[in-house]
Amino acid sequence: MKITRDEVQHVAALARLDLNDAEVDRMTGQLNAILTYVAKLDELDTAGVVVTTHTQPMINAFREDEVRPSLPREQALANSPEQNGESFVVPRVIG
Amino acid sequence: MEYFSLTAHEALRLLESGEVSSMALTESVLARIDAVEPTVQAYLTLDREGVLRQAEQADIARKKGQAGPLCGIPLAIKDAFCTTTMPTTCGSRMLEHFVAPYEATVVTKLAQAGSILLGKLAMDEFAMGSTSETCAFKVPHNPWKKGYVAGGSSGGSAAAVAADECFASLGSDTGGSIRQPASLCGTVGMKPTYGRVSRYGLVAFASSLDQVGPLTKDVRDCALMMNAICGYDPQDSTSIDQPVPDYRTSLQAGLKGVKIGIPREYFGQGLDPEVDQAVRQGMAMLKEAGAELIEVSLPHTDYCVAVFYLIAPAEASSNLACFDGVRYGFRDRSADSLIEMYNKTRSHGFGDEVKRRILIGTYALSSGYYDAFYKKASQVRTLIKEDFARVFTTCDLMVSPVCPTPAWKIGDMADDPLAKYLSDILTLSTNLAGVPGMSVPCGFSRDGLPIGMQLQAAHFNEDVLLRTAYNLEQRAGVVGKKPVIA
C-alpha cells in the first residue's frame with residue numbers, strides 16, 4: 001500500500017476537500033494504483049541531477065514599480081457570491 | 001459549395017475579392033451550427049446576437065479599408081479563456097456563471113486581427129482529461145463517429161473545427177490537449193513553444209506546462225492563426241520576447257535538406273497497428289518530399305507519464321487553491337464557519353477528476369513526500385529535456401504518432417484513471433521539455449476515424465513544423481475530406 005485511507009483523509013483535509021466514506025474508498029484505490037505506477041521513477045539514479053521547474057533559460061521578469069490603473073473595486077467585487085459594496089463577505093471566522 | 005466548409009484562408013480570399021460578406025459567412029456558420037450541434041455538442045456558449053453585430057462591423061471595416069488579417073472570419077475558443085462578453089466556465093460547476101472582468105490577451109489579439117468570436121467550446125473540467133468527458137455541462141462527440149470521444153481536453157475546439165462549426169479555434173495544451181483531440185478529430189493542431197503565446201487570461205492548470213495554440217482545418221490556416229496570437233506580452237511573466245516570423249512564408253519550401261528523426265520509443269508496445277501504418281505511410285511521403293529520415297532515441301520516454309502525473313497535479317493543486325467561494329465562482333451557502341464553507345464549496349464545486357488530481361498534487365507536495373515525488377519528478381524532467389536537446393543536435397524535427405489509438409467510445413476507461421493517463425504517453429514529453437509540437441492528419445482507420453502524425457522541433461522552430469506539415473498535407477490526400485454528421 002502506497003497510501004492508506006487515513007492518509008487520503010489527511011491529504012483531503014489539507015486540500016480543503018470533504019470526502020464521504022465511499023469517495024475515500026474509491027480515491028484510496030485509485031491513488032494507490034497511480035502512486036504505485038509513478039514509483040517507477042525510483043528505477044533512475046538522479047543523484048546530482050538538477051531539477052527543472054522552467055524550460056526556458058529565464059530567471060526573473062522585472063518591471064518598473066509604477067502606479068498604473070487597476071481593476072475598479074466594483075468590478076473586482078462583481079463576481080463575489082457575497083459582498084457589501086466594499087469588501088467580500090464570508091462566514092464568521094472568530095466565534 | 002457552402003461557405004461554412006471553406007478553410008479560413010479560402011474564406012478570406014472571397015472576402016477580399018468582395019464575392020462574399022462576413023455577414024454571409026457568419027450566417028452560413030450559424031446555420032451549420034443549428035444543423036449539427038445537437039449531435040456534436042461542441043459549444044458551451046454561443047453568442048448569436050453578438051456574432052451578427054461583429055459581422056456587420058467587420059464588413060464596414062473592410063469597406064473602409066481597415067481589414068485586419070482575419071477580418072470577418074468567425075472563430076470559437078475553448079472555454080478556458082477569459083472573455084468579458086460571455087461566461088468562462090472552464091467546464092466546471094465552480095465557474096458556471098463566471099463572467100471575467102478582463103479579457104485574455106489572445107482573445108484581444110484575435111479581435112484586433114478582425115475575427116469574430118462565435119462562442120466558447122466544451123472541454124474537460126479545468127482542462128483535466130483526455131476525452132472532454134469530465135466537462136460538467138456536455139460531452140462533445142467525435143464528428144466522424146457519434147458516440148466516440150472528440151479527445152481532450154480541447155475536445156470542443158477540435159470537434160467544432162472538424163464539424164465546420166467555426167473556421168478555426170483556440171485550445172490550450174498542458175500534456176497534449178490540443179494535439180490529441182486534433183488527431184482524433186482529423187484537424188491540424190499546434191502547441192507552440194512554452195512562452196511563445198501569452199497565457200494571460202487562460203485559466204491556469206499547470207503553469208510550467210500550459211501553452212495556448214490553434215486548431216484549424218489545414219496547415220495554412222494554422223500559420224495564419226499563429227501569426228495572430230504569437231508574441232511577447234508583458235502581462236505574462238513567462239512569455240518570451242522573441243520576434244515572430246510570418247509563419248506563411250516557409251510553407252511552400254520543400255523538404256530538401258531537412259533531417260527528420262524517428263524516435264524509436266514512440267513506436268513501442270500498445271501502438272495500434274492502423275495508427276502505426278498511417279504514420280509510417282506519412283513518413284514515406286515526407287521522404288518523397290525530399291526529407292532525410294534517421295532513427296533517434298529518447299531513452300526516458302517511458303518515465304514521462306510518471307513525471308507528468310506528479311508535476312501537473314502538484315501545480316494544479318496550488319493553482320486551484322484560489323477556488324474557495326470567496327471572490328468568484330460557486331459558494332456552498334449551507335456552511336456556518338469559514339473553514340466549513342471552503343470545504344463544502346470545493347467538494348461540491350469540483351468534479352471527481354479535479355479532486356483526484358488535487359489529492360495527488362497535495363500528497364506529492366506534502367511534508368515527508370516532497371523529495372520522493374515532486375523533487376524526483378522535477379529531476380527526471382531534466383533528463384527528459386536533455387533527451388530532446390541531444391536529439392535536436394542530430395535532426396531538425398521528429399515525427400511520431402500523436403495518440404496510440406484512434407478515437408474510442410465515450411464511457412470506455414471511465415473508471416480507470418491510470419489507463420487514461422497512459423494513453424497520453426506520446427504527447428506529454430513535449431510539454432515537459434517546453435518544445436513546440438503539432439498534429440497533422442495523415443490517414444484514417446478502417447472504421448473511418450482520423451489518425452494524426454505528431455511533429456516536434458526544438459524551441460521556437462514552429463516554422464519547420466509548419467513547413468513539414470504542409471508538405472505532408474499536400475501528399476496525404478486528407479484535405480477536404482469531411483465527416484458525414486447524422
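Each chain gets a letter, A, B and so on, in the order the sequences are listed, and its residues count up from 1.
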Student: Calculate, to the nearest 0.5 Å, the distance between atoms OG1 and CD belonging to A:T52 and B:E386 respectively.
Tutor: 7.5 Å
Student: May I ask you to name which of B:H459, B:R346, B:R327 has the most heavy-atom pairs under 4.5 Å with chain A?
Tutor: B:R327
Student: Find out whether B:L310 and A:L41 are in side-chain contact, i.e. whether some heavy atom of one side chain is under 4.5 Å from a heavy atom of the other.
Tutor: yes
Student: Side chain, backbone, both or neither: which part of B:Y369 has a non-hydrogen atom closer than 4.5 Å to chain A?
Tutor: side chain
Student: Measure distances from B:D302 to the heavy atoms of chain A and classify the residue's part below 4.5 Å as side chain, backbone, both or neither.
Tutor: both
Student: With a 4.5 angstrom heavy-atom cut-off, is it the side chain or the backbone of B:F460 that approaches chain A, or both, or neither?
Tutor: side chain
Student: Taking every non-hydrogen pair under 4.5 Å, which of A:N60, A:V8, A:V49 racks up the most with chain B?
Tutor: A:V49
Student: Would you say that B:L359 contacts A:L19 through its side chain, given a criterion of any heavy-atom pair below 4.5 Å between the two side chains?
Tutor: yes
Student: What are the residues of residues 371-378 of chain B, in order of number, with any heavy atom under 4.5 angstrom from a heavy atom of chain A?
Tutor: B:F373, B:K375, B:K376, B:A377, B:S378
Student: I'd like to know whether A:Q56 forms a side-chain contact (heavy atoms from CB on, under 4.5 Å) with B:T193, so could you lay out the CA-CA distance, the side-chain angles of the two residues, the decisive distance to 0.1 Å, and finally the verdict.
Tutor: CA-CA 10 Å; A:Q56 298 289 340; B:T193 306; 3.4 Å; yes
Student: Side chains of B:R381 and A:T55: closer than 4.5 Å at any heavy-atom pair?
Tutor: yes
Student: Give the minimum heavy-atom separation between B:G325 and A:P81, together with the two atoms involved.
Tutor: O-CG, 3.3 Å
Student: Once you round to the nearest 0.5 Å, how far does CG of A:N32 lie from CG of B:L418?
Tutor: 11.5 Å
Student: B:D352, B:L338, B:N343: which one forms the most heavy-atom pairs within less than 4.5 Å of chain A?
Tutor: B:N343
Student: For the residue pair A:F88 and B:V326, what are the closest heavy atoms and their distance?
Tutor: CD2-O, 3.7 Å
Student: If I measure from the heavy atoms of chain B, does A:A78 come under 4.5 Å with its side chain, its backbone, both, or neither?
Tutor: neither
Student: For each of B:Y363, B:F330, B:Y421, tally heavy-atom pairs with chain A at distances under 4.5 Å, and name the one with the top tally.
Tutor: B:Y363
Student: If you count heavy-atom pairs under 4.5 Å between each of A:E23, A:H10, A:Q30 and chain B, which one has the most?
Tutor: A:Q30
Student: Please confirm whether the backbone N or O of A:V90 pairs with a side-chain atom of B:R331, one donor and one acceptor, at under 3.5 Å?
Tutor: no
Student: Please classify the contact of B:F350 with chain A as side chain, backbone, both or neither, using a heavy-atom distance under 4.5 Å.
Tutor: side chain
Student: Where does A:R63 contact chain B at under 4.5 Å (heavy atoms): side chain, backbone, both or neither?
Tutor: neither
Student: In Å and rounded to the nearest 0.5 Å, what is the CZ to CZ distance from B:R356 to A:R26?
Tutor: 7.0 Å
Student: Contact part of B:I240 toward chain A, heavy-atom cut-off under 4.5 Å: side chain, backbone, both or neither?
Tutor: side chain
Student: State whether the side chain of B:T362 and the backbone N or O of A:V11 hold a donor-acceptor pair below 3.5 Å, judged by distance alone.
Tutor: no
Student: Can you find a side-chain donor-acceptor pair between A:E43 and B:Y303 that sits under 3.5 Å?
Tutor: yes
Student: Side chain, backbone, both or neither: which part of B:L209 has a heavy atom under 4.5 Å from chain A?
Tutor: neither
Student: Report which part of B:P417 has an atom under 4.5 Å of a heavy atom belonging to chain A: side chain, backbone, both, or neither.
Tutor: side chain
Student: Do the non-hydrogen side-chain atoms of A:D18 and B:H348 ever get within less than 4.5 Å of each other?
Tutor: no
Student: Could you tell me whether the side chain of A:H54 reaches within less than 4.5 Å of the side chain of B:T238, counting heavy atoms only?
Tutor: yes
Student: What part of B:S237 is in contact with chain A, defined as an atom under 4.5 angstrom from a non-hydrogen atom: side chain, backbone, both or neither?
Tutor: both
Student: I want to check something: taking the side chain as every heavy atom from C-beta on, are A:N79 and B:H97 in contact at a cut-off of under 4.5 Å?
Tutor: no
Student: Do you know the tightest heavy-atom contact between A:P91 and B:S337?
Tutor: CB-C, 3.7 Å
Student: What part of A:L44 is in contact with chain B, defined as an atom under 4.5 angstrom from a non-hydrogen atom: side chain, backbone, both or neither?
Tutor: both
Student: Using heavy-atom distances under 4.5 Å, tell me whether A:E7 contacts chain B through its side chain, its backbone, both, or neither.
Tutor: side chain
